[in-house]
Protein chains: 2
Amino acid sequence: MRVTIKDVAKEAGVSIATVSRVFNGYTDISEATKNRIMKIAKEMDYLPNAAARSLASKTQVTIALILNDFEMNRKNTMAMEVLSGVYAYTEEHQIEFVFFATSRIKQGSKSFREFCNEKAITGAVVQGLKVNDPYYKEILESQLPVALIDMWADKESICSISIDNVKASTEAVDYLITQGHRHIGMINGRREAAVSIDRETGYVNALKKNNLPLMEYYVQYANFNEKIAVEIARDLLLSQPQLTALFCASDLMAIGAMKAVSEMGLSIPEDISIVGFDDIILNDYLTPKLSSVSQNMEKIGYEAAKNVYKLIKKEPAERQVYIEHGLIIRESVGPARVGS
Amino acid sequence: MRVTIKDVAKEAGVSIATVSRVFNGYTDISEATKNRIMKIAKEMDYLPNAAARSLASKTQVTIALILNDFEMNRKNTMAMEVLSGVYAYTEEHQIEFVFFATSRIKQGSKSFREFCNEKAITGAVVQGLKVNDPYYKEILESQLPVALIDMWADKESICSISIDNVKASTEAVDYLITQGHRHIGMINGRREAAVSIDRETGYVNALKKNNLPLMEYYVQYANFNEKIAVEIARDLLLSQPQLTALFCASDLMAIGAMKAVSEMGLSIPEDISIVGFDDIILNDYLTPKLSSVSQNMEKIGYEAAKNVYKLIKKEPAERQVYIEHGLIIRESVGPARVGS
DNA sequence: CTGAAAGCGCTTACAG
DNA sequence: CTGAAAGCGCTTACAG
């Protein structure tokens with residue numbers, strides 16, 4: 001049988017209330033009994049049962065990490081990194097952590113409120129959600145503190161965490177321009193995704209800033225999908241042969257673009273330069289190595305957890321938190337080819 | 001405030017016991033009240049609180065996934081896949097799921113029993129453990145049902161899940177021999193790891209079966225580490241120039257070996273053929289693409305959960321469960337170079 | 001088929 | 001500084 005607070009209390013010759021108090025860090029306990037109880041508890045391998053604790057306490061905090069479309073994420077470790085960051089924060093702060101993987105279909109059968117009810121959630125970090133997902137609407141209607149990763153919502157109980165996608169994209173495209181590129185295409189993600197809009201804005205900003213004309217058809221959408229990106233990139237490069245560089249809103253799409261380029265018999269970066277986004281591990285192993293905008297997903301997860309916790313404690317929290325990003329220069333960008 | 005069983009009972013005009021019974025699938029309830037309660041519960045977004053349920057019920061099953069050295073796993077998605085498999089099983093069977101990331105250091109401060117106590121664990125799937133980890137010893141001493149991934153323990157409460165590493169390695173080396181290789185080196189992982197021993201046995205078996213002499217110094221240990229593998233592979237190839245192929249006990253080490261080969265000015269597979277192990281996503285993006293033994297970590301996670309559940313229910317479970325593996329042929333293996 | 005009541009392992013005012 | 005007791009949201013024999 002499991003060891004309970006009763007066992008420890010009996011062993012220490014005190015009431016269960018006293019044992020409970022030492023485990024909750026109350027200060028009005030004599031050092032002597034406190035130490036004795038701690039020692040006995042350690043010997044008996046006792047740790048308060050989390051379920052009982054969360055039931056009995058009105059203040060127990062439980063933060064959920066809700067990962068949408070978790071299964072689809074095999075090629076990058078971003079979901080894992082977010083998990084790692086959220087987990088690290090909850091562990092450091094002794095917050096209960098629960099994990100929930102959902103999908104469009106599952107969102108239909110178990111509502112966000114049902115889930116929160118079931119697990120007594122006090123706050124959630126949500127990743128991978130899209131604006132047309134049922135949970136997005138539910139979160140907007142609920143009062144529950146939520147940190148939304150890579151997604152914006154105008155509500156005081158919600159905090160958005162991401163890198164500054166506009167700025168990061170501007171920098172990436174700026175870098176291409178610095179290398180002499182004047183005709184830069186963009187392979188963007190799903191049109192509706194918040195990050196797509198921001199990354200496109202960044203692209204446009206960079207062109208404007210450098211007085212380069214903005215060609216509408218230079219921007220194509222490949223749904224964050226490698227396979228689609230192959231076709232989109234091929235079509236774009238064939239129809240716009242003056243292009244010398246491609247800015248891609250994800251590394252997976254950049255990899256697709258790279259495939260398209262080599263299938264066309266062109267080389268990177270001599271003919272076409274490519275910059276990706278996310279800086280997934282793969283980049284370093286590609287030939288050529290892919291330059292990319294890096295975002296620290298673990299930090300994003302950590303900060304997301306930190307900010308829901310602020311929201312839970314009703315401390316002032318920013319509505320939009322930006323995490324620093326980077327531009328990792330590798331081999332996929334070179335000077336623009338002459339005559340272009 | 002959250003909606004509780006009381007709220008639903010009041011709304012439906014029944015006792016909480018009745019509501020509880022319909023949510024626990026009792027059959028001796030009139031269809032009429034059952035349907036009414038379900039309808040009301042759905043409308044109110046009610047789902048039984050898991051903490052209260054696990055406290056009150058003696059039969060509530062909670063399976064933990066314990067991931068050791070989770071942080072170190074950035075380059076492959078194996079941990080994520082195991083998580084995905086375990087999660088899928090627990091969800092399908094309505095089992096409570098809890099996640100716990102540990103490390104050598106954390107194992108020292110929170111014992112396995114304390115953790116199980118805290119989360120009311122009825123069974124655990126454990127991955128990434130080493131024989132000299134404190135938890136390994138604790139698990140051996142405990143009566144708790146545990147599924148150990150890639151690790152063996154001779155105890156009726158423990159079940160081991162992995163691919164048949166001996167057989168898989170034999171097949172991989174056999175394949176190299178089929179391609180004409182007679183001098184095959186092996187870059188193995190940590191000497192103490194169970195999988196290392198099995199994979200080496202498989203290597204030896206293949207040589208024996210084909211009447212090839214076994215040279216002790218053909219086998220080197222690189223700790224499952226890419227960087228170390230670079231050096232080990234270089235040293236091995238320099239000292240044994242007759243080698244035409246390398247069998248590596250992990251893809252990360254194979255990638256290290258590939259680096260060593262190209263740094264030496266040799267090419268793959270013309271000069272040296274390489275086979276890896278694990279079949280991580282990276283393989284498909286390398287140049288040349290890496291051939292490898294594939295293991296379905298998601299399936300392993302799923303089967304691990306299934307088998308702890310059997311153990312929990314005291315159903316007969318095998319002590320050692322093998323999951324099917326594959327040999328994925330890509331570009332890193334060619335015919336042995338002539339004159340060798 | 002359904003309800004009243006004890007109990008799961010805790011926390012926390014309330015007394016002293 | 002410490003204990004007795006109510007209560008958190010459930011489940012489950014026990015009655016009827």
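Chain A is the first sequence line, chain B the second, and so forth, proteins listed ahead of strands; every chain is numbered from 1.
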Quick one: side chain to side chain donor-acceptor pair (under 3.5 Å) partners of [X], sequence neighbours excluded?
{"X": "B/E141", "answer": "none"}
{"X": "B/T59", "answer": "B/S57"}
{"X": "A/S160", "answer": "none"}

Exercise. Compare the minimum distances between each of C/dT12, C/dC8, C/dC10 and the side chain of A/S57, then state the nucleotide with the smallest one.
Key: C/dT12
Exercise. Could I get the full list of ring pair (Phe, Tyr, Trp, His ring centres under 6.0 Å) partners for A/Y322, not counting sequence neighbours?
Key: none
Quiz item: Among all residues two or more places apart in sequence or in another chain, which pass the ring pair (Phe, Tyr, Trp, His ring centres under 6.0 Å) test with A/F97?
Solution: A/Y87
Quiz item: Can you pull the salt bridge (Lys or Arg N to Asp or Glu O under 4.0 Å) pairs that have at least one residue in residues 309-322 of chain B, sequence neighbours excluded?
Solution: B/D154-B/R319, B/K313-B/E315
For residues 18-29 of chain A, please give each side-chain donor-acceptor pair under 3.5 Å, one per line with the distance, not counting sequence neighbours.
| unit_1 | atom_1 | unit_2 | atom_2 | d |
| --- | --- | --- | --- | --- |
| A/T18 | OG1 | A/S15 | OG | 3.3 |
| A/S20 | OG | A/N24 | ND2 | 3.3 |
| A/N24 | OD1 | A/R53 | NH2 | 3.3 |
| A/N24 | ND2 | A/S20 | O | 2.8 |

Self-check item: d(CG, A/L55; C1', C/dC8) in whole Å
Solution: 9 Å
Exercise. Quickly work out the B/E96 CD to D/dC10 C1' distance and round it to whole Å.
Key: 13 Å
Self-check item: Touch class at under 4.0 angstrom, heavy-atom based, for B/T59 against every strand present
Solution: sugar-phosphate
Quiz prompt | Strand-adjacent residues in residues 9-31 of chain B, judged by heavy atoms under 4.0 Å from DNA chain D | solution = B/I16, B/A17, B/S20, B/R21, B/N24, B/Y26
Quiz item: Judged by modelled atom types alone, do A/D45 and B/S111 share a side-chain donor-acceptor pair under 3.5 Å?
Solution: yes
Self-check item: Base-paired stems in DNA chain C, each at least three Watson-Crick or G-U pairs under 3.5 Å
Solution: C:1-3 with D:14-16, C:5-12 with D:5-12, C:14-16 with D:1-3
